[in-house]
Amino acid sequence: MDDKVSFGQLVDWVEGRLPAAEAAQVAAQVAADAGLQADVAWLETFRQISDRTAWEAPPAAVRADLSRQFAAHAAENRAPSWWERLTAVLKFDSQAQPLAAGIRSAAAADRQLIYSTPYADVALTIQERPATQAFTVWGHVLPTAAPAPDIYSVQLWQGQTERRFTATDDLGEFVFADMPGGEYELSIQHDQYEIIVPLRLSV
Amino acid sequence: MDERDWQLIQACRKGEQQAWEELVSRYERLVFSIPLNFGLTRQDAADITQHTFIILMENLHRLREDGNLVAWLGTVARRHTWRLSERQQQRAEEGEEAAAALPDMDAAERQERWERLQWLQEGLSRLDERCRQLLQALHLEAEEPAYTEIAARLGMAVGSVGPTRARCLQRLKEIMQ
């Protein structure tokens with residue numbers, strides 16, 4: 001075999017499909033060629049990923065049901081006309097509290113903020129990590145109207161760019177870790193409203 | 001956000017059924033595979049898939065062009081996977097049912113599994129339909145079908161399955177590098 005090994009031969013060689021003589025020739029070329037070695041490494045990585053990962057389509061009934069639900073959703077014309085976008089109002093800032101007032105957070109390293117809207121309050125605890133100049137933001141969404149939603153989705157925006165996305169847990173809590181300083185906007189979403197919370201992370 | 005995703009979301013907002021079908025088709029494997037790869041049953045995975053896409057449906061008008069739909073879907077599906085896993089574990093511990101065979105997985109392992117799924121989603125979504133179907137059938141189905149079955153399914157000659165597979169893998173490698 002004088003010609004350079006083809007990618008197809010490499011695929012068969014990696015999977016042990018070649019006759020012994022041809023496999024030996026491929027092995028010799030691979031041993032002497034860094035480009036072929038890189039191809040082999042990629043193929044082995046792909047094989048490891050595909051062997052270790054389930055990658056299946058859901059049952060047809062799931063798709064059929066989602067189709068029906070979308071048709072009903074579209075028919076109801078559930079446009080966001082009844083959907084409200086609310087900018088939360090800052091009600092409490094631990095850094096703005098006088099130390100003499102005895103408020104615990106005034107002397108603590110963490111900054112605590114409470115924002116309010118007609119539907120929910122949002123409590124934020126911001127911790128600076130001086131070693132990395134990064135911040136951790138813990139959030140707690142506290143609905144004031146019953147029934148409390150099952151889950152809120154939470155997006156973190158910087159300008160028009162989405163930096164992070166998460167969802168609240170059973171207790172309405174969420175966290176964003178290792179955040180660089182800067183000006184952000186939290187968007188906390190429920191079926192019928194979105195709460196916007198401005199967020200500035202700075203030393 | 002991927003340009004096609006954004007077009008589909010805008011069309012879905014107008015109630016276009018075909019756009020919704022395509023959006024589901026693009027991400028149904030990713031979403032269904034998340035609970036499967038974290039130890040849940042196919043029935044649980046089907047429920048979480050349905051729940052995740054319904055949440056997407058409810059949030060279509062809130063998604064923004066600069067958002068990341070893969071991360072969005074992945075976060076919702078993983079969140080519901082953890083919650084269901086925890087509930088099953090609690091029930092098992094309370095003796096309400098046989099102990100669930102859920103894997104004990106640390107955060108690093110969870111992250112690694114999620115990164116594998118993201119890698120597959122990104123690579124496969126950028127292949128043409130024929131390559132995607134061929135690689136999924138040959139490398140990612142639970143039971144690898146015979147070349148004859150794949151050839152019949154994809155309408156190609158049996159003799160071309162091997163060479164086409166090699167071309168598709170090479171294409172995937174180029175895309176991912």
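Residue numbers begin at 1 in each chain, while the letters A, B, ... track the order of the sequences.
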Enquirer: Using side-chain heavy atoms (C-beta onward) and a distance below 4.5 Å, is A/Arg52 in contact with B/Arg116?
Expert: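 A side-chain contact exists here, since the closest heavy-atom pair is under 4.5 Å.
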Enquirer: Less than 4.5 Å to any heavy atom of chain B: does that hold for the side chain of A/Gln48, its backbone, both, or neither?
Expert: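 Contact with chain B involves no heavy atom of A/Gln48 at all.
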Enquirer: Would you say the side-chain atoms of B/Glu21 and A/Ser67 include a donor-acceptor pair closer than 3.5 Å?
Expert: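 Present: a donor and an acceptor within the cut-off.
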Enquirer: Say you draw a straight line from CG of B/Leu23 to CG of A/Leu66; how long is it, rounded to the nearest 0.5 Å?
Expert: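 With rounding to 0.5 Å, CG (B/Leu23) is 10.5 Å from CG (A/Leu66).
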Enquirer: Do A/Glu56 and B/Arg42 have side chains that get closer than 4.5 Å, going by heavy atoms?
Expert: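 Yes - at least one pair of side-chain heavy atoms lies under 4.5 Å apart.
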Enquirer: Please check this pair: side chain of A/Trp42 against backbone of B/Glu174, looking for a donor-acceptor N/O pair closer than 3.5 Å.
Expert: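 Such a contact is absent between A/Trp42 side chain and B/Glu174 backbone.
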Enquirer: Can you tell which of A/Trp157, A/Phe70, A/Phe7 has the highest number of heavy-atom pairs within less than 4.5 Å of chain B?
Expert: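 The candidate making the most pairs under 4.5 Å is A/Phe70.
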Enquirer: The test is side chain to side chain contact (heavy atoms under 4.5 Å, CB included); show your working for A/Ile151 and B/Arg83 and say whether it passes.
Expert: CA-CA 11 Å; A/Ile151 191 170; B/Arg83 293 173 71 178; 3.7 Å; yes
Enquirer: Looking at A/Thr166, A/Thr161, A/Asp170, which makes the most heavy-atom pairs under 4.5 Å with chain B?
Expert: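 Heavy-atom pairs under 4.5 Å are most numerous for A/Asp170.
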Enquirer: Atom CD of A/Glu162 and atom CG of B/Leu63: how far apart are they, to the nearest 0.5 Å?
Expert: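 That separation rounds to 8.5 Å.
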Enquirer: Would you check if B/Asn68 and A/Phe165 make a side-chain contact, meaning some heavy-atom pair closer than 4.5 Å?
Expert: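 B/Asn68 vs A/Phe165: side chains apart.
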Enquirer: How would you list, by chain and number, every residue that makes a side chain to side chain contact (heavy atoms under 4.5 Å, CB included) with B/Glu65, sequence neighbours excluded?
Expert: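 For B/Glu65, the residues satisfying side chain to side chain contact (heavy atoms under 4.5 Å, CB included) (neighbours in sequence not counted) are B/Trp6.
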Enquirer: Where is the tightest heavy-atom contact between A/Ala54 and B/Asn37, given as atom of each residue plus distance?
Expert: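 The pair with the smallest heavy-atom distance is O-ND2, 2.7 Å.
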Enquirer: Only pairs of heavy atoms separated by less than 4.5 Å count here; which of B/Arg79, B/Glu141, B/Gln177 has the most with chain A?
Expert: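 Highest number of heavy-atom pairs under 4.5 Å: B/Arg79.
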Enquirer: Supply the atom-to-atom distance A/Asp65 CG to B/Gln50 CD, rounded to the nearest 0.5 angstrom.
Expert: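 It comes to 4.0 Å.
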Enquirer: Which one, B/Ile34, B/Leu36, B/Asp47, leads in non-hydrogen pairs under 4.5 Å with chain A?
Expert: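 Most heavy-atom pairs under 4.5 Å with chain A: B/Leu36.
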Enquirer: Indicate yes or no: at least one non-hydrogen side-chain atom of B/Gln170 is less than 4.5 angstrom from one of A/Asp39.
Expert: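 Heavy-atom side-chain distance check fails, nothing below 4.5 Å.
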Enquirer: Identify which of B/Thr49, B/Val76, B/Leu30 forms the greatest number of heavy-atom pairs closer than 4.5 Å to chain A.
Expert: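 Top count of heavy-atom pairs under 4.5 Å with chain A: B/Leu30.
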Enquirer: Which pair of heavy atoms, one from A/Val62 and one from B/Ala46, lies closest together, and at what distance?
Expert: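 Taking A/Val62 first and B/Ala46 second, the nearest heavy atoms are CG2-CB, 3.7 Å.
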Enquirer: Taking heavy atoms only and a threshold strictly under 4.5 Å, list by residue number the residues of residues 7-17 of chain B that touch chain A; give 'none' if the list is empty.
Expert: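 Only B/Cys12, B/Gly15, B/Glu16, B/Gln17 of residues 7-17 of chain B have a heavy atom under 4.5 Å from chain A.
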Enquirer: Check each atom of B/Ala45 against the heavy atoms of chain A and say whether the ones under 4.5 Å are side chain, backbone, both or neither.
Expert: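 Neither part, no heavy atoms under 4.5 Å.
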Enquirer: How about A/Trp55 and B/Leu117: do any of their side-chain heavy atoms sit closer than 4.5 Å?
Expert: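 Side-chain contact under 4.5 Å: yes.
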Enquirer: Ignoring hydrogens and angles, tell me if any N or O in the side chain of B/Arg62 forms a donor-acceptor pair with the backbone of A/His190 under 3.5 Å.
Expert: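 Here the side-chain-to-backbone pair exists.
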Enquirer: Does some side-chain heavy atom of A/Thr53 sit less than 4.5 Å from a side-chain heavy atom of B/Arg113?
Expert: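 They are not in side-chain contact.
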Enquirer: Check the surroundings of atom CD in B/Glu3: do more than 12 heavy atoms from other residues, nucleotides or ligands lie under 6.0 Å from it?
Expert: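 Result for CD/B/Glu3: open.
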Enquirer: Can B/Glu28 and A/Arg63 be counted as an ion pair, charged N to O under 4.0 angstrom?
Expert: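 The answer is yes: the pair qualifies as a salt bridge.
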Enquirer: Rounded to the nearest 0.5 Å, what separates atom CG in B/Asp66 from atom CD in A/Gln155?
Expert: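 CD of A/Gln155 is found 11.0 Å from CG of B/Asp66.
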Enquirer: Test salt bridge (Lys or Arg N to Asp or Glu O under 4.0 Å) on A/Asp12 and B/Arg165 and set out the steps.
Expert: CA-CA 10 Å; A/Asp12 288 337; B/Arg165 178 182 68 142; 3.4 Å; yes
Enquirer: Please test A/Phe46 against B/His139 for side chain to side chain contact (heavy atoms under 4.5 Å, CB included), starting from the C-alpha separation and ending with a verdict.
Expert: CA-CA 9 Å; A/Phe46 174 75; B/His139 295 280; 3.6 Å; yes
Enquirer: In terms of heavy-atom proximity below 4.5 Å to chain B, should A/Leu43 be classed as side chain, backbone, both, or neither?
Expert: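 The side chain, not the backbone.
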Enquirer: Hey, does A/Ser153 have a side-chain heavy atom less than 4.5 Å from the side chain of B/Asn59?
Expert: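 When only atoms from C-beta onward are counted, A/Ser153 and B/Asn59 do touch, with a gap below 4.5 Å.
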